[in-house]
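Sequence lines set the chain letters: A, B, ... in the order given, protein chains first and strands last, and positions in each chain run from 1.
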Amino acid sequence: MSRLGPSRWLVAVPMTLLALATIYPLLFTANVAMKTRREYVLDRFSLASTLRWDNLSTAWNSDGMGRYFLNSVIVVACAVALLLLIGSMAGFALAQVRFRGSSTLTLVCLAALFIPFQVIMVPLARIMADGGLIDTYPGLVLAYVAQFLPFTVFLLTSYYRAVPTELVDAARIDGNTLYGVYRRIMLPMGAPALLSVGILDALFCWNDVLISLLMMPSADHRTLMVGITSLRGQYSADIPTFAAGVLIAGLPVLVTYLFLQRQIADGVTAGATKG
Amino acid sequence: MSPIGSSGRVAQAGRPDGALAGEAAVDGRGPASKSPRVRNGRRAERLAPYVLVAPAVLIIVVLRLWPLGLGVNFSFTGDGERNGATVGFDNYAELIDDPLFRTALRNVGWLVLLLPVAVAIPGLLATFIYLRVPGHQIFRSVYFFPAVLSPVIIGAIFNLLLAFDGPLNAVLGGSGLGPVDWLGDPDVAMFTVVGVHIWATSGMALVVFLAGFSTLDPALLDAARVDGASLARMIWHVIIPGLSRTIQFVVVTTMIGMLTSMFGLLYVMTSGGPEGSTYLPEYYIWVQQGQMSSPALASAASTVLFLVMLVVGLLQVGLLRRAGRED
Amino acid sequence: MKQRTLWSAILVAGLVALAGCGSASDPDSAPGGSKGKLVVWDWKSGDATASSYVKKAKADFAQQHPGVTVEFVAQPFEQYYTLLGAAIQAGKGPDVMLFNGGGQIRDRADSLLPLDEYVRDDKKRLAGWEAFTKDNKTYAAPVTLQGHPIYYNKSLYRKAGLDPEQPATSWDEFVADCRTITKATGARCFAQGNKEGIGIQFFLSGLGSGVLSPKEYDDWIAGRRDWSSPAVERIFALWKEADDEGLNNDGANSTAMFNDAFAVFQSNKAAHVIGLMSDVGHWKDFAEFLDADDVGVMKAPVVTAGATPRLPYDGGIGYAVAKWTKDPEVAADLVRSLTSPDALKSFHADAGAIAADRTVDVSSAGPAVATIVSEIDRGKPALHVALSSKTVDLMGRLSQQLLSGSVTVDSAVEQLAASDRAG
């Protein structure tokens with residue numbers, strides 16, 4: 001039953017239109033991926049004449065796409081695991097423990113939140129090169145961790161701040177060290193927040209092009225999104241193949257979302273919603 | 001502690017307890033505080049929070065703030081023929097003289113002003129879904145879709161949809177309204193890009209709002225409706241106060257999104273045009289760095305951008321914190 | 001026990017960093033620099049159409065230097081120069097890299113090796129060197145020629161009752177023909193895309209030789225640009241007039257030259273387009289949609305009496321060698337292999353380019369190419385290529401303002417003059 005009363009249809013109509021507007025671009029992409037280049041240039045909006053999978057196989061079979069896919073999976077998995085570990089440790093300590101310098105350290109993390117990547121791009125590349133990290137998996141993982149850590153710490157701090165401190169006190173009276181509290185109570189308790197933050201981080205890393213390009217200059221170290229972007233040449237002539245690449249890159253994300261939808265909905269920054 | 005996301009109540013309630021916990025750590029008030037083993041433990045406990053924070057702070061300082069510092073340093077050197085030479089504030093003077101950079105900063109101002117819209121849209125949608133508009137379960141899933149697409153892809157798709165001879169204008173033309181040059185009119189283009197950004201990101205905010213609604217007491221709403229309150233009054237008197245913390249959270253995350261991650265969309269949709277009207281500082285930096293081969297000027301722009309972000313960000317956080325205290 | 005978990009976690013984080021440092025000593029992981037291996041950056045080698053070109057160039061190079069491996073890294077073009085800039089600053093750039101001719105390579109000449117002593121023998125065989133030359137030093141060897149012929153759709157001419165083999169030679173006739181075509185077929189005169197400010201570049205170079213006197217043209221290329229001359233002003237006024245009078249497709253400012261404007265031409269919605277000679281937006285592309293025999297190339301219509309229309313072209317893309325490469329001679333040999341006749345022949349055939357090598361046979365590529373190639377000998381460098389990146393960028397913005405009416409021709413030309421003097 002709607003709680004909206006008779007006006008509900010008045011609202012439902014624009015919301016349906018909006019929903020259609022949300023789905024349409026996805027369908028459009030799928031449609032373009034089925035077209036030949038000729039069909040696309042002559043009329044980009046008409047329906048593809050037949051279901052044609054050539055573009056998908058072209059995109060997938062273009063040099064090293066399988067390799068890129070694997071690279072992406074490895075790098076994103078490592079980066080997200082590290083982000084969650086480091087982020088939750090810091091988030092817990094900053095939210096629940098009072099210690100000298102904590103507000104300064106919080107401010108440091110907060111300030112880093114406001115640095116667009118373009119701002120530090122070049123100096124960062126130089127630092128990474130000096131450290132011998134350019135073109136290595138750990139280098140890219142580290143770059144991702146650095147990029148998304150402020151956001152992760154911020155979200156997890158606000159999550160842990162909503163956890164009643166009595167819990168921590170009780171655990172400490174039971175003789176737990178701070179590490180014990182973190183590991184036994186905070187880590188399991190943060191699971192919903194960790195899951196949703198993890199999904200966000202994974203999305204960011206998966207969709208990134210710029211950082212990956214900068215950190216991984218060799219061809220066989222590329223990530224999937226870079227591979228897809230490279231399908232567009234200087235003048236991006238073959239849009240249907242590019243659209244097919246977009247589908248290939250987007251599909252795993254979409255499937256993951258559909259599977260984890262409930263958890264995302266329930267968990268996204270549960271800390272932000274208490275009270 | 002962090003000013004972000006802590007409504008006054010929680011912060012004030014949390015602080016004494018936090019302090020207690022901290023003191024407990026420092027004092028090591030345990031049952032057997034005399035034995036040497038525990039004394040070691042006390043030192044370890046005192047260091048514990050630092051150990052927990054250390055990796056995060058280390059990474060942030062070395063890979064975010066240090067490069068920022070290098071950039072600032074670099075911004076006082078020259079480009080091209082003056083490569084490497086110290087030029088004082090010349091780059092900054094050049095920035096101020098560049099109308100393009102001024103436009104970029106003005107657009108940042110627009111973004112800040114448009115922030116409430118970017119928060120209100122997902123907020124309203126979430127409200128209707130929460131109030132079970134017909135089809136709410138479908139909306140709930142569908143509205144999130146764009147959040148999984150990368151900005152580059154979203155931009156590429158909307159480029160086609162918003163083209164002058166694209167389908168949106170076909171619809172507008174068919175309904176008697178003239179076509180709008182969404183991406184070609186300098187007075188419109190910036191809003192078009194922001195609109196697409198909101199479209200792309202509001203799915204995430206919507207989900208956060210819905211999570212917030214799940215903690216709202218439905219009895220309050222029912223009571224309001226029994227009293228015959230209109231929807232607007234319900235939103236104003238029940239939902240907004242009830243969700244203050246959620247709203248703050250969305251405001252801060254949306255702001256960060258708008259100020260730091262519109263680059264992809266801009267790049268694909270307008271490349272800063274038409275007439276330079278959609279330049280943002282990130283894009284300016286990118287162009288100077290790459291196409292114009294002026295890395296030092298780009299560094300100066302980076303420094304200015306960071307300062308602007310910091311001021312805007314902290315101001316906003318401060319305002320929210322005060323608002324949080326008042327309720 | 002509980003602490004162990006935490007410490008092991010921290011250890012993992014540390015190890016990741018260490019592993020990174022460890023792999024620093026692995027010479028193969030760093031791009032560029034190492035002896036016995038050359039790293040090449042471009043935005044071409046990833047295209048399927050360039051694969052036989054790369055294969056042939058590699059084979060040619062392997063004959064001379066069997067012990068040296070070559071790695072091609074195809075970068076997305078959009079990020080190319082930014083990545084290159086970052087790599088140069090980080091000291092981790094490639095050994096050999098592709099450049100567009102003109103401003104892009106001149107701005108970065110500091111980081112490049114002058115190639116004159118290595119490419120002496122190729123100077124005659126290849127054309128287009130000027131676009132890669134700064135202060136009399138050559139920094140890259142041209143692979144393709146790039147220029148801006150005016151393509152026209154012969155079938156639209158026929159439908160409008162015009163003689164497709166006799167396109168207009170003066171601007172007034174040209175405009176009159178356009179009116180006839182629009183009346184008969186509904187097609188506009190020009191397919192115009194100025195979203196990125198590219199439309200004006202093509203317009204300036206494509207029509208410029210019909211406006212400037214031969215002397216003014218040569219002076220412009222030589223760097224003596226008289227912005228106050230009436231002819232220069234005329235070009236920008238013409239740009240505005242063309243749009244005001246409906247010669248362009250609608251929404252030129254929001255139409256991307258690549259590939260939207262070309263799509264307009266390909267789908268018979270406009271009769272002319274100022275296109276390219278190589279890569280895309282050219283004879284090969286158009287022939288895919290229109291009949292190859294229907295794609296014509298015409299000279300710039302004469303606007304000012306005394307002007308001599310000429311094909312505007314320059315070196316298109318070329319490979320350069322980084323200053324820091326370990327063995328310049330080997331790297332230069334790779335550049336020579338990349339411009340060898342055999343390699344360029346495949347590049348012309350597969351990728352659809354007018355190769356810089358004048359000995360490459362183009363007779364099978366259709367009538368449009370024949371016209372273009374016959375004009376090359378009398379051709380001149382393109383007007384916009386002579387301008388600095390900064391001025392070209394400003395011109396893009398001003399051209400959009402001209403179309404929307406927010407700047408006057410006088411003021412636009414004045415601003416361009418100031419930018420040209422400064423840079």
(message) Looking at every heavy atom in both Ile120(A) and Leu63(B), which two are closest together, and how far apart are they?
(response) CD1-O, 3.7 Å
(request) Taking all non-hydrogen atoms of both residues into account, name the closest pair between Met15(A) and Tyr143(B) and its distance. (result) O-OH, 2.6 Å
(request) Among Phe139(B), Trp286(B), Phe158(B), single out the residue with the greatest number of heavy-atom pairs under 4.5 Å to chain A. (result) Phe139(B)
(request) Heavy atoms only, distances under 4.5 angstrom: which of Gly91(A), Ala249(A), Pro150(A) has the most pairs with chain B? Name it, please. (result) Pro150(A)
(message) Heavy-atom pairs under 4.5 Å with chain B: which of Met128(A), Met225(A), Gln118(A) has the most?
(response) Gln118(A)
(message) With a 4.5 angstrom heavy-atom cut-off, is it the side chain or the backbone of Val142(B) that approaches chain A, or both, or neither?
(response) both
Where on [X] is there a heavy atom nearer than 4.5 Å to chain B: the side chain, the backbone, both, or neither?
| X | result |
| --- | --- |
| Leu18(A) | both |
| Val122(A) | side chain |
| Thr16(A) | both |
| Phe204(A) | neither |
| Leu203(A) | side chain |
| Ile127(A) | side chain |

(request) Using the test side-chain contact (heavy atoms from CB on, under 4.5 Å), find all partners of Gln147(A) that sit at least two apart in sequence or belong to another chain. (result) Phe117(A), Ile211(A), Arg64(B)
(request) Would you please name every residue forming a side-chain contact (heavy atoms from CB on, under 4.5 Å) with Ala90(A), sequence neighbours left out? (result) Val153(A), Ala56(B)
(message) Let me confirm one number: the CG-CE distance from Leu113(A) to Met255(B), rounded to the nearest 0.5 Å.
(response) 8.0 Å
